Structures are given as structure tokens and as C-alpha cells.
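Okay, so here's the structure we're looking at.
The chains referred to below are lettered A, B, ... by the order of the sequence lines, with proteins before strands, and numbering in each begins at 1. In this text the structure is predicted, and so the values were computed from the model without any measurement.
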Amino acid sequence: MKNSSITLIFVLFSTFFFSQDSIVVKEKNKGSRYFNSTYGLTYSSYRDEATSPLFYNGTGLAFGVGLSKFKSQYESQLDLNLNISANLSKTPENQLYPSKKIAYFINMALHYHHLRMISSLSKDKRTVLIGGTSTTNFNSRINPSLQNATAGIEFLHNFMITGKVNFDISRLEERNLKLWFFKKHLKPKQRTLNAIVNIGLLNFNYRPNYAYLSDADINGSETNWVNYYLNGYQLKMNGWALSSSIEYIRYKENKNALKWSYNWSAYSAPGNYETFQMAMHQVKFTIMFKR
Amino acid sequence: MKKVFYLIAIVISLSACEKALFKKDKASNNARTNFEYLWNEVDKKYSYFELKNVNWDSIKTVYGAQISESTSEYQLFEILANMMNELKDDHTNLISPFNISRYDVALNSDANFRLRTIEEFYIPNAQISGSFLHDFLEDEEIGYIRYSSFMNSVSSNSLDYILSRYKNTKGLILDLRENGGGSIINVPALLERFAPERKLVGYFKTRNGENHTDFSENSDFYIGSHDGIKYTKPVMVLIDRGSYSATTMFALATKAFANITLIGDSTGGGGGLPNGGQLPNGWIYRFSISQLLDLNGNNFAEKGVSADINVSFEWTDLTKDEIIERAIIEIMN
């Protein structure tokens, strides 16, 4: 238990250590740096086979804060995201009463990527970047219908290879738009369109071992809080992770920027015995404040 | 520009392929599918096959034969509920929108508790403090405390008040008859008030493999001693076959403390902690997945913790509770 706890702590915080180090190094070489504030909608889907063969799908809200830095040769980004949704079981049509159950799904994700430009693949209006992403997901699920297994908690940590293509779609000259009766004078604007794909290379999960129940709370005040929640959990390296994003960024005259993005991510964590799988679709709006 | 659209199309199409990447959707209303799923879950995780000498394979043969393509949802519920009740375990339930199956252990024995007798003839002016009904007995020589369910929270303030009120008594009667259990976090919260010192009181172990005998190492079950107001004079804990689950755990743990005596009938059992899960048709199930062992490693709690002093309620005279009377004698002597 002690060894796995230490390993878990290392894995969970490796994103933070890694990101802190990278940011310090880059301080020497100033680029465009932003503080990001994100708001959006999320559609999540998960299935924990330890307690149910059914998928739970639902919509909710997404919030995030982050730091990003863009330089001509590389970029880095650190994000902390919170996704909250109410999910309904995907139950087959019953002959009598519907058996749909509701679960409350809270996902916290810490994400860091560091990408370098590949000059040989890049052109004037197109930049190709490749690098690594570290993502840690902490899920807390509350499904009251599951009786003594009401609470579900898991940690997923993935080291991913990342590919990003950045298209400069800026309008460099003034234009007059005339569409039937609609006329508009369009000023020059700096804009980019990004496509990002992440593929998991090292996929870790920290989940319940076999039977999905903790007996640690019987010891009451004698119970260590870590044992209370994580009794019987095991750290495993298996499964897969995939994610992708499309981002449209429009830079303002005051140097701030606005970003609209669509993000998709999917994870499979077999753990030791029964698989946990989840996917999230998110539509987000981000205000990027120039630092 | 064409390449931009191709790239965007590729990225978006990735998100559409999650269904192909995930294992197939197992939602199903098929009776056979649900039967097999439940039978397998119990087979993989139930914790008392050996203690109860249950032949789960032969039970599959018996109940599986009752399933056909025309089995209705009502019929399926009956078949699955009857199969689960073969485990003779009160922690076993099948929960559908139209019915909940259960195996009521207490109905196998005589009742030993009548609340009306206590309220009318022993504590007619009882106080209610939080989850506890209580008052003095025997000219304020004894305190009587009724705790009807471990589902009800054990408030520290309530216990401080109650134990302060009875601090000058010779002994306490803690009545846990017909207490069907509840939240096990309340077990140590209550028992540590009567524990003179921290003690190891038993062990837990949980199924951790597909063989019926696969279990984790024993986890220690400790009861601490409360730092604040507590009562360490004699405590008579009243139990009967309706004392189940968390009450059985409480009763087993009292065996480690010399100042606590169990009086009445054996508890109903329920030493295992139940999990919870869902079938492919959306119904919910639960059953025991762990075992509670005493300090010598004996596995009897599922069948009940025996009383130190066996006494029965006599239903011929409803003005008298023989179990309380015996507890009074034990304290006064």
C-alpha cells in the first residue's frame, strides 16, 4: 500500500513537476505568454464494469484555467480543467417501468504539453509541432442507486505523444464584404486554426483492485483518510488514451485573444480486473489574457 | 485551404470512432443475458459460499432451466430473486422498478422485542436526543438507551449529553434489538464511548479472485477509546435475531471488552459488507463480498453473534420485558 501510494503521488504530480520546470527554463526566452480562462459545455460518457455493464451519458459544464506560451520554435501549455455533469444510464427499453439511473460525474484534469516546431514540415502559413503531453484525470462519480458502491473514484495518468498543425489564417489586408444587402468593412485580423492529436504512450490507472468496496470505514476514527477512500486500490499500466482538438484563435488589438475549441478525449483503463472507459466531448470558449 | 478542411475532418472523425474503440454496449433486456450476468457476478464476488455450503453451480442449473425466450420481466425478477435467496443472506437484494427482493433472516426466529412494552412500562417519559430514546430505570440506578437503527447518525453532542446524564448510574442498558444495521461508520462512533482502551476486536477480509476461496489478507478491525466523555462501567447490550449487519459487527466487537455483556438472542448475522451493482437491463443488485472474523479468525458472524446470556421475551405477559429485567439484575448484582 505504501509503495503504491508513493508511486501514485509521483505519477499524479509528475505533470506539475514537469510543467514547473519547463516554465522556469522558458523564462529565459520571453515569448507570447497568456493566462487562460475557459468556459464550456461537456458531454461525457463512461462505463465502469466493476459496478455496471451500462454506459452513463450526460451533459454538463466545463471550466478551466491555464497558462500558455507561444514562441516561434516551441509552445507549452498548462491547464487545470473541471467538468461536472449529470449522467443517465443507457438502459434498454423495459416492458414495464424504465430503469434509468442517474449518476453525478465530476472530472478534474491536469494537462501539460510541450511542443517543438518541425521546420522541415512547416511553411509560411503552416506550422507543424510535435511533442509530449502529460494528462492526469481524477474522476469522482456518485451513483446513489448502486447502494454500498455509490461512490466511484479513479485516477488516470497518461503520457502522450502530441502532433499539432497550426494554420495562420490571418486577414492581412482590409476588405469590404458585400453579401446581398449586407455590407461590412473588414479590418486586418490575426487568426489561427489549430488541429491537435494526442496518442497515449504510457497509460497508468489507479483503481479498485477486485471487489468494489472499501471496508476501511469500519475502523471509524482509527481510519486513515487515504485508506478510507483508496483501500484495495492498485496502480496499473495498461489501457489506452486518445484525444483531439480543433481550435480557432482570434487575437485582439489589445494583445489578448479569444479561443473557440472542440475537444474530444477517450480513455480505457482495464486496471487489474474490470475495465473503466470514458469519453468526453467539449465545446469551449477561452479568454486568453496576455501576460 | 483544402488541406485544412481535410485535417479538420480527420480530427473530428476521430471523435466519432469512440464507439468502435470501446468494448461493445452490453445493455440488454434478454432474460438469459441478465441471468448469466447476475450468476457470474455472484460467482465471482460473493463471500460466503463455503460457510453456507452453497453449491452455486447446481443453483445455476435449477434456475437457468426456468429461463426461456418468452420469459417476461416479472418472471425474470422472480427467477433471479429466488436464485439470490438461495444464499439465505439478508444483505442480498434485487431491486427492480416494480419490486425489491429480500431474504428476511429475522423471520426465521421468534421475535424478542416489543417497543410498546418498553415505552409503556419502563420509560414512559423518555427523552429523545438525536437518534437515541433514553431514560433512567430502577430509581436512577440504571440508564436505558434505545438505538433503533445504525442508519441514524450517531451525534457526538447527543452522546455527550446522554452519557453525562447517566454518569452516576451503576450501569447502562443499550438496546439494539431489531436494529437492522445501517452505516458501519456508526459502529466505532458508538462503541468507542464504552471502550476503556483501544483494542483489536476482529478482522475483515474481502473476495479478491474468481475462486470461491480467494480472499485478501485479513484487515485489522480496531475500536478506539473516545477521548472525551465515555462510560466504562458495566454496559448490557440487548440483541436479538433482528439485530443485523452493523449491529452484528457491533456485537462481535463487544466481545473484546470485559465491561460489555450481550443479553438476549443471537444476532441475525450479516457480517459481510454488501457491494452494489447493475444488470444489463438496469436493475440493481447487492450481495455480501467480505467476511467478518473474530479475534481467533473464526468466521461465524454471518450466521449471528451469540449472546453471553440467553434470554427470551415472553409474549404471555406484555407488561414485562424479560431481557431488560435480566439486564437490570446483571447490573444491580
Side-chain angles (χ1 to χ4, degrees), chain A residues 45 47 49-55 89-101 126 143 145-150 165 167 169 193 195-197 209-223 231-232 240 242-246 262-266 268 275 277 279 281, chain B residues 3-4 7-8 10-12 14-15 18 21-23 25-29 37 44-45 47 72-74 93 95-98 183-189 191-192 198 204 206-209 214 216 219-224 226 249 273-284 286 289-290:
Chain A
S45 177
R47 177 172 64 179
E49 292 187 312
T51 51
S52 174
L54 305 178
F55 280 104
S89 60
K90 195 182 164 198
T91 313
E93 288 297 318
N94 292 55
Q95 294 163 12
L96 302 163
Y97 301 83
S99 293
K100 281 202 183 300
K101 307 293 180 196
R126 184 186 73 194
N143 185 343
S145 66
L146 292 178
Q147 307 278 311
N148 287 37
T150 287
V165 184
F167 299 99
I169 53 170
L193 187 66
I196 306 164
V197 174
N209 172 25
Y210 184 82
Y212 206 89
L213 191 68
S214 166
D215 56 23
D217 49 354
I218 188 67
N219 284 321
S221 56
E222 298 288 316
T223 301
N231 189 37
W240 53 262
L242 275 175
S243 65
S244 64
S245 305
I246 296 286
Y262 164 72
N263 307 278
W264 168 77
S265 57
S268 180
T275 304
Q277 295 180 311
H281 300 259
Chain B
K3 286 179 183 172
V4 174
L7 197 69
I8 291 170
I10 289 168
V11 170
I12 290 176
L14 257 182
S15 69
E18 75 192 31
L21 293 168
F22 283 166
K23 289 183 182 178
D25 191 351
K26 295 176 181 173
S28 170
N29 261 334
Y37 186 92
K44 286 186 300 186
K45 294 175 183 170
S47 54
S72 71
E73 285 186 32
Y74 282 126
N93 301 104
I95 304 167
S96 77
F98 54 87
S183 172
I184 57 173
I185 200 84
N186 290 327
V187 172
L191 189 49
E192 69 181 15
R198 177 180 187 264
F204 271 98
T206 307
R207 271 291 290 271
N208 70 349
D214 288 342
S216 64
S219 300
D220 294 339
F221 176 14
Y222 275 99
I223 293 293
H226 188 66
M249 294 169 195
L273 292 170
N275 70 343
Q278 196 166 23
L279 296 180
N281 65 0
W283 295 353
I284 302 293
R286 70 171 197 154
I289 59 164
S290 70

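- Here the shortest heavy-atom pairing between A:Gln147 and B:Ile95 reads NE2-CD1, 3.4 Å.
- The ring pair (Phe, Tyr, Trp, His ring centres under 6.0 Å) check on B:Phe22 picks up A:Phe55, A:Trp240, with sequence neighbours excluded.
- Taking each heavy atom of A:Pro92 and B:Ala27 in turn, the nearest pair found is CD-CB, 3.8 Å.
- Across every non-hydrogen atom of B:Gly276 and A:Ala149, the tightest pair is O-CB, 3.6 Å.
- Note that CD1 of B:Ile284 is 5.0 Å distant from NZ of A:Lys101, once rounded to the nearest 0.5 Å.
- Looking at every heavy atom in both residues, B:Gln278 comes nearest to A:Ser52 through OE1-OG, 2.9 Å.
- Most heavy-atom pairs under 4.5 Å with chain B, from the set A:Ala266, A:Ala195, A:Ala279: that is A:Ala279.
- Only the backbone of A:Ile196 comes within contact range of chain B, with heavy atoms under 4.5 Å apart.
- At distances below 3.5 Å, at least one donor-acceptor pair connects side-chain atoms of A:Asn148 with backbone N or O atoms of B:Pro274.
- With chain B as the partner, the residue from A:Glu49, A:Gln277, A:Lys90 showing the most heavy-atom pairs under 4.5 Å is A:Gln277.
- Contacts between A:Thr150 and chain B at a heavy-atom distance below 4.5 Å are absent for every atom of the residue.
- Considering only residues two or more places apart in sequence or on other chains, A:Thr91 meets the side-chain contact (heavy atoms from CB on, under 4.5 Å) condition with A:Leu54, A:Ser89, A:Asn94, A:Ser99, A:Lys100.
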